Structures are given as structure tokens and as C-alpha cells.
Amino acid sequence: MLKKIFLALFMVAVIACKAKSRVDTAVDSTHNLKPEAQQNLVASELVKIIESANFKKVKLNDSISSVIFDRYLKQLDEGHNYLLASDVKEFEDYRYSLDDDLREGDLSAMFRMFNVLQKRYEERLRYSLAQVNKPFDFTKNETYTYNREKLPWFKSSQEADEVWTKRVKYDLLNLRLSGTDAAKNAGLLKQRYENLLSQTKKLNNQDAFQVMMDAFTESIDPHTNYFNPENAQRFNEEMARTFEGIGASLQLENEVVKIAGVIPGGPAFKSKKINVNDKIIAVAQGADGEFVDVRGWRLDNTVQKIKGPRGTVVRLKIIPAGQELSAQPKIVSLVREKVVLEDQSAKKKIKTVTSGGKTYKIGIIEVPAFYMDFKAYQAGDPNYKSTTRDVKLIIDTLKRAQVDGIVMDLRTNGGGSLMEAIELTGLFIKTGPVVQVRDPRRTEINADDDPSIIWTGPLGVMVDRFSASASEIFAAAIQDYNRGVIMGTQTYGKGTVQSALDLSRFISTVDELLNKFKGSDKEGTSATAGPKYGQINLTMAKFYRINGSSTQHKGVIPDIQFPMIFPADKYGESSEPSALPFDSIKPSKYAPVANLQPIKPMLVKQHEERMKASSDYKYLLEDIAQFKKRESEASVTLNEAQLKKEREEQEAKTLARDNKRRALQGLPPLKKGEVKPKEENDFVQDESMKIMADFIRFNEAGQFTMVY
């Protein structure tokens with residue numbers, strides 16, 4: 001009897017998903033997308049999960065619907081470059097009904113909005129293509145406003161045409177200033193627009209669905225995110241820093257997939273038969289599978305054909321770099337392997353710094369993320385990939401090199417695994433709490449229980465505005481324990497914890513029944529090896545420092561601060577309207593391992609004295625001023641002589657500034673037009689090393705004592 005009741009409930013869900021959509025998704029366009037039943041199911045299930053399990057416990061209502069509407073509209077056309085005022089007026093009918101639509105699994109209104117945007121986008125590109133060969137007067141004093149975000153929507157297609165005529169003129173003007181002839185410029189620009197038009201026609205309903213769910217989930221809080229199957233796979237691979245495939249990065253150029261890079265140690269690298277800029281025109285599975293021509297395919301579809309389980313064979317038809325597509329292809333057979341992304345893993349370097357007349361060796365460990373191969377870890381693989389394991393090995397090599405101190409560089413580290421943040425902290429303290437995690441029911445103290453300490457010497461941590469989440473947990477713990485000095489700028493301020501949930505746990509039974517009734521309506525989707533229904537990274541808790549303070553909004557304030565390049569009102573958690581608020585809870589019991597309070601003012605004083613005489617510091621302040629100036633600009637002149645003059649003056653000013661800076665570094669000057677080499681000088685890191693050298697010197701002088 002119970003089984004029949006469940007089946008009846010599932011049938012209700014099936015019937016609901018097959019019900020007539022509230023809004024007609026079709027528009028007068030060549031490329032209309034519509035939702036499939038599985039996406040409707042996912043949307044409906046996401047509402048239930050978010051309402052019941054998200055930390056905020058937000059119930060979708062008309063107010064939330066309005067927020068979702070505004071966010072979705074902004075994601076579709078943030079720059080007000082495509083949609084007409086009449087389109088937006090039509091969309092307003094959906095402002096207060098999206099909550100009900102999502103709950104009922106009806107995505108028709110959101111798909112119609114997406115299709116209208118696509119229609120306008122294609123119209124703009126086709127119009128632009130028609131203007132490319134028309135004559136333009138580059139002596140007129142016109143301006144092109146490239147940032148229209150604060151301007152009204154286009155009143156009509158004619159108004160849009162006027163703006164886009166200037167857009168085409170600006171694109172051609174840029175090509176004219178590069179020195180090429182008019183005919184070639186027109187050809188290049190035409191090819192650019194045609195490529196954009198071709199790519200937009202390859203968009204499928206999974207792409208549209210991802211944008212919709214981003215608008216929905218991020219309206220609840222900025223870190224609750226749904227990933228469609230393909231993006232879920234990509235996210236999990238980035239977290240693990242491993243994937244199974246041939247070990248090559250790919251890019252799409254003129255409808256053909258090219259090899260953008262070859263990962264050392266991977267199958268492509270070991271074969272010695274694949275090189276950068278080789279073109280892949282066909283893919284076959286196994287030793288004798290039939291080749292499938294992939295020219296004109298979406299990049300992600302080609303990638304999924306090439307990726308696969310380790311130990312399996314994939315064959316590629318390759319046009320070697322530099323040869324025409326009409327050339328005879330070569331066939332390369334590769335056995336897929338597990339590929340480790342070493343270039344995205346923790347790395348080390350050693351710098352020598354002088355303080356007080358004495359030279360010190362400082363090891364720098366650059367940590368790009370708190371990554372962990374959960375799949376390998378859960379399978380019991382003793383060599384699973386993780387941040388802590390990599391850093392531990394690096395510290396062993398630094399100790400053998402007899403460094404005097406270690407600096408963990410967490411700049412632009414957006415976080416990752418909470419467990420890795422705890423374990424990494426454990427490499428530098430004996431035992432004790434690292435972070436407190438509070439969900440709606442309880443507060444849990446996560447501690448390091450391993451008494452071993454990998455590094456007992458002087459420690460520094462570098463952070464910036466984009467150091468977030470797990471980076472903030474680590475930096476805060478080091479600061480609270482007085483285990484080391486924190487250097488840089490105020491961090492991002494992400495104090496929330498997400499859990500990754502595979503949606504098959506919630507909707508697989510319903511979907512299996514649905515498949516029996518819906519027939520084939522998979523229009524526009526692509527095969528993927530990711531979670532079948534995607535996954536949601538759901539905010540379920542907040543983390544707090546062991547001193548009881550949240551990092552939410554406020555982040556971690558460094559002991560020695562540098563000027564902030566990216567303003568807090570535009571970058572960071574405090575700039576997110578849906579972010580959770582700052583608060584505090586009861587501190588956990590912990591014992592600082594030293595008293596650094598007396599020497600922190602000394603370090604700040606030494607730093608500030610250096611800054612007064614530092615030309616690099618002056619350049620940093622100028623860079624910040626330039627960044628703010630560029631942020632405020634919204635238009636450019638279309639007068640060729642004037643624009644050329646402005647750019648030449650700016651280039652001359654930049655060249656003189658760069659050469660003055662290079663002279664101070666003992667480097668030869670650059671000539672006009674010479675490509676500036678990749679910057680090796682990192683002023684913030686160099687100054688942080690000087691702060692660290694002072695710290696080591698104070699340590700040697702007995703200014704503080706570690707207690708373990």
C-alpha cells in the first residue's frame with residue numbers, strides 16, 4: 001500500500017512537469033530554447049532544498065522573486081547593450097511570479113527572457129556585420145559610450161542601431177590604429193562578428209538553465225550555487241586538482257579545437273606526438289571505434305569526447321600546427337590516465353633578504369587553493385592529492401635548504417576544502433581548536449588533534465582582498481594563536497560553509513518514472529560525465545574564529561597592512577547584497593603559542609619607514625589611483641587623431657614610468673614598441689619578505705618566545 005502511495009505521489013510530480021507551461025518560450029528568432037522536464041524537476045527540488053536546509057531558511061515569496069528577477073535581468077544584459085525598453089516592460093509581468101514558477105518547476109518565463117536576449121544579441125551582431133564595409137568618417141568629434149550599465153534601456157531598435165554603429169566604428173578604429181589597411185580591417189572584424197554569431201547559436205538549454213539557477217541561488221546567498229552536470233564535473237576536478245584524460249588543455253579557434261597546452265607527465269606529453277597549436281578534427285573511442293568529426297562542435301562537447309576513464313583508449317585525428325585543415329591528418333592513439341595539475345598546486349621558492357645587517361633565507365610557499373581529491377581520499381588512496389600533503393613535502397625540502405623562516409602566500413586563494421584549512425593549520429601548531437562551525441542547531445569546534453609540528457620556526461602569511469574562506473580560516477587561526485604575522489590587505493570576508501550535494505540523492509526516482517512518460521525531449525543538451533542532475537553547493541553553516549568573531553563581511557585584518565587596490569564596496573563579501581551579516585559567538589578555549597603584541601608595532605614602524613623612501617610603494621599608490629580612474633571611465637572618443645594622440649601620450653608616459661622603475665631594479669630600458677617582459681618583481685611579496693626578515697631578527701633577539 002505504501003509503495004502505491006509513493007508511486008502516486010511520483011506520478012503527480014511527473015504530470016506536473018508535463019503540464020502546459022505558463023509562458024510561451026518561443027520568440028521570433030532562429031534559435032529558441034525551451035526547458036526540458038529534468039530541468040523543471042531540478043528547479044523545483046532546489047526550492048525545497050534551499051527552503052529547508054539553507055542556513056538562512058528563506059522561504060521564496062514575492063519579495064525574493066523580485067530580487068531573483070533583478071539579478072537575472074542583470075546577468076542577461078548588465079551593460080544595457082542588447083535589450084529594448086519594450087522587452088524589459090514585457091519581462092516586468094514575471095517580477096513577482098518567479099518564486100511560484102520555480103516552486104512548481106515551470107521555467108517558461110525565464111526561458112522566454114533568455115530567448116528574447118538571444119534574439120536581440122543576434123540582431124546586434126547581424127546589424128554590425130552589415131555596417132563593417134560602410135564608410136566611416138574618423139575625423140568627426142563623436143564619442144562611444146562602452147559602459148551603459150547606468151543608462152536607460154534602448155527605446156527602440158533605431159536607438160540601438162545608433163549606439164552599435166559607433167561600436168563598429170570603434171572596433172574599426174582600433175584596427176586602424178594598429179596599422180593594418182582598411183580592407184584587411186573589415187575582413188578581420190567581419191570574421192570576429194561571425195565567430196560570435198556562430199558561438200551564440202551553439203548555446204543550449206543547459207547553458208541557459210545555468211544562468212537561471214545562478215540568478216536564483218545567488219539571490220538567496222552569494223555562495224549557494226547550482227552546477228549543471230558539466231560545471232559540476234569541472235568544479236570537482238578543480239577541487240581535486242586531478243582529472244582523467246589525455247593531459248592537454250584545449251581552446252576553440254575559428255570552429256576548430258586547438259591544443260592550448262600540454263600538461264607535463266600526462267599521456268599527450270609522454271606520447272611526444274602532440275604539440276601546442278595542433279588542431280583536433282576528429283575523435284574515436286577505443287582501438288577500432290569510428291571517428292566522429294568534431295569541427296564546428298562546442299568546445300565542451302569535444303572535451304567530453306576526449307576525456308574518459310583511465311586505462312581506456314582514445315584516438316585523435318590531428319592536423320599538425322602550421323598546416324592547413326586540408327592537409328593529411330595524422331592519427332594519435334592515447335591511453336587515458338589520471339592527470340595531476342601540478343601547475344595549479346602549491347609551489348615553493350626561496351628568497352634571500354637582509355635585515356639589521358644580517359642575511360636570511362626565507363621559503364615562500366604559494367598556495368593557489370585549498371584543494372583535495374575527495375574521491376581518492378574516500379577510496380583509501382594513501383597518495384591522494386591535497387594542499388596539506390603538498391605543503392608538508394615542500395616544508396621538508398625547505399628545512400633541508402635550511403631556511404630561516406617560511407611565508408605562506410595565500411593571495412588570490414579563494415578557499416576550498418574546510419578540512420584542508422584545519423589540517424594545514426595543524427602543521428604549525430601542536431594541538432587545539434582551529435575554527436568553530438555553527439549551523440542552526442549547534443556549534444561545533446573543529447580542532448587539530450595531531451601533536452606533531454612540521455615547522456616550529458618563524459611564520460608569515462600573505463593575504464589580499466581575494467583571499468577567502470579556507471584562506472581566512474587559516475590566516476585567522478595563525479593570527480589568534482600568535483603563531484605568525486599576517487601581511488597584506490583585508491581579506492574577502494566569506495565566513496560561510498557549503499556542502500556539495502549530488503541532486504541524484506533527491507530526484508533520481510522521480511526522474512526514472514518521468515523518463516517513461518516524457519519521451520525524448522533532450523533538445524539542446526550534451527553528454528557529460530558529471531553528476532547526472534548536477535549538484536548544489538549549499539550554504540549550511542557559518543564559520544567563526546576561535547576568538548568568537550566571524551570573518552563574514554569583515555574578513556581578516558592583517559597585522560601589517562598594505563594599500564588595498566580593489567575597493568571593498570565593489571569587491572568582497574561586503575559588496576554582495578544577499579550576503580549573511582557579521583556576528584560573533586562565544587570564544588573557544590585555546591592558548592596562544594607566543595605573545596607577538598609587543599613586536600607588531602615594531603614591525604609596522606620598520607615597514608612604514610621603508611615605505612616613506614620606497615619608489616615601488618609610490619608606484620603602487622599610482623597603480624591604485626589609475627585603477628580607480630579606469631573604473632570610473634565609461635566612454636571614448638571616435639576621432640582618430642584625438643584617440644591616437646591620447647594613446648601615444650599614455651604609452652609614452654607608461655614607457656617612461658616603466659623604464660624609471662626598471663632602472664631602479666638594475667634592468668635595461670625598454671624601447672618604444674618593445675614588449676614588456678613578464679614581471680618578475682613582486683613589490684608586495686618583496687616587502688613582505690623584509691617584514692619577515694625583521695620578524696626573524698626579533699625572534700633571534702628574544703623579543704618573543706614560542707610555547708609548545
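Everything numeric in this text was worked out from a predicted model, so none of it was measured.
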Worked check of side-chain hydrogen bond (donor to acceptor under 3.5 Å, both in side chains) between S504 and K532 | CA-CA 7 Å; S504 63; K532 183 178 179 182; over 6 Å; no

N-O pairing of [X] and [Y] below 4.0 Å:
{"X": "E244", "Y": "R336", "answer": "no"}
{"X": "D207", "Y": "R298", "answer": "yes"}
{"X": "E253", "Y": "K258", "answer": "yes"}
{"X": "D214", "Y": "R71", "answer": "no"}
{"X": "D101", "Y": "R22", "answer": "yes"}
{"X": "E423", "Y": "R389", "answer": "no"}
{"X": "E366", "Y": "R411", "answer": "no"}
{"X": "R400", "Y": "D396", "answer": "no"}
{"X": "K348", "Y": "D390", "answer": "no"}

Contact between [X] and [Y] at the side-chain level, heavy atoms closer than 4.5 Å - yes or no?
{"X": "V303", "Y": "L250", "result": "yes"}
{"X": "S44", "Y": "L102", "result": "no"}
{"X": "R505", "Y": "Y533", "result": "no"}
{"X": "N225", "Y": "I536", "result": "no"}
{"X": "L196", "Y": "T200", "result": "no"}
{"X": "M213", "Y": "Q39", "result": "no"}
{"X": "L188", "Y": "R192", "result": "no"}
{"X": "N174", "Y": "N185", "result": "no"}

Can you confirm whether more than 12 heavy atoms, excluding those of [X], are under 6.0 Å from its [atom1] atom?
{"X": "D293", "atom1": "CG", "result": "yes"}
{"X": "K74", "atom1": "NZ", "result": "no"}
{"X": "K273", "atom1": "NZ", "result": "no"}
{"X": "Y377", "atom1": "OH", "result": "no"}
{"X": "F269", "atom1": "CZ", "result": "no"}

Does any N or O in the side chain of [X] come within less than 3.5 Å of the main-chain N or O of [Y], such that one atom is a donor and the other an acceptor?
{"X": "D502", "Y": "Q535", "result": "no"}
{"X": "N275", "Y": "D278", "result": "no"}
{"X": "D77", "Y": "L83", "result": "yes"}
{"X": "N413", "Y": "S467", "result": "no"}
{"X": "E337", "Y": "P309", "result": "no"}
{"X": "T224", "Y": "T539", "result": "yes"}
{"X": "R315", "Y": "G286", "result": "yes"}
{"X": "N32", "Y": "V27", "result": "yes"}
{"X": "S471", "Y": "G414", "result": "no"}
{"X": "E420", "Y": "T388", "result": "yes"}

Can you find a side-chain donor-acceptor pair between E230 and Q210 that sits under 3.5 Å?
-> no

Derivation of the side-chain hydrogen bond (donor to acceptor under 3.5 Å, both in side chains) call for N231 and R234 | CA-CA 5 Å; N231 290 333; R234 186 179 297 115; 2.6 Å; yes

Report the C-alpha distance between K330 and K317 in whole Å, list the side-chain angles of each, state the deciding distance to 0.1 Å, and finish with yes or no for side-chain contact (heavy atoms from CB on, under 4.5 Å).
-> CA-CA 6 Å; K330 66 178 181 180; K317 277 188 180 179; over 6 Å; no

Residue from R124, K119, R126 passing side chain to side chain donor-acceptor pair (under 3.5 Å) with E122 | R126

Could you go step by step and tell me if Q191 and N195 meet the side-chain hydrogen bond (donor to acceptor under 3.5 Å, both in side chains) rule?
-> CA-CA 6 Å; Q191 183 65 55; N195 284 343; 2.9 Å; yes

Which heavy atom of [X] sits nearest a heavy atom of [Y], and at what distance?
{"X": "I394", "Y": "A346", "answer": "CD1-O, 3.6 Å"}
{"X": "N115", "Y": "T25", "answer": "ND2-O, 2.9 Å"}
{"X": "S128", "Y": "W164", "answer": "OG-CE3, 3.2 Å"}
{"X": "A470", "Y": "S417", "answer": "CB-O, 3.9 Å"}
{"X": "L107", "Y": "A43", "answer": "CD2-CB, 3.9 Å"}
{"X": "P267", "Y": "L334", "answer": "O-CD2, 3.8 Å"}

Do T496 and Q498 pass the side-chain hydrogen bond (donor to acceptor under 3.5 Å, both in side chains) test, and can you show the C-alpha distance, the side-chain angles, and the key distance before you say yes or no?
-> CA-CA 7 Å; T496 56; Q498 286 72 42; 3.0 Å; yes

Has K48 got its NZ or CZ under 6.0 Å from the middle of the six-membered ring of F506, at an angle within 45 degrees of the ring axis?
-> no

Inter- and intrachain pairs under ring-ring contact (aromatic ring centres under 6.0 Å, His included), touching residues 192-226, at least two apart = F209-Y226

Spatial distance of atom CG (N81) from atom CZ (R167) [nearest 0.5 Å] = 7.0 Å

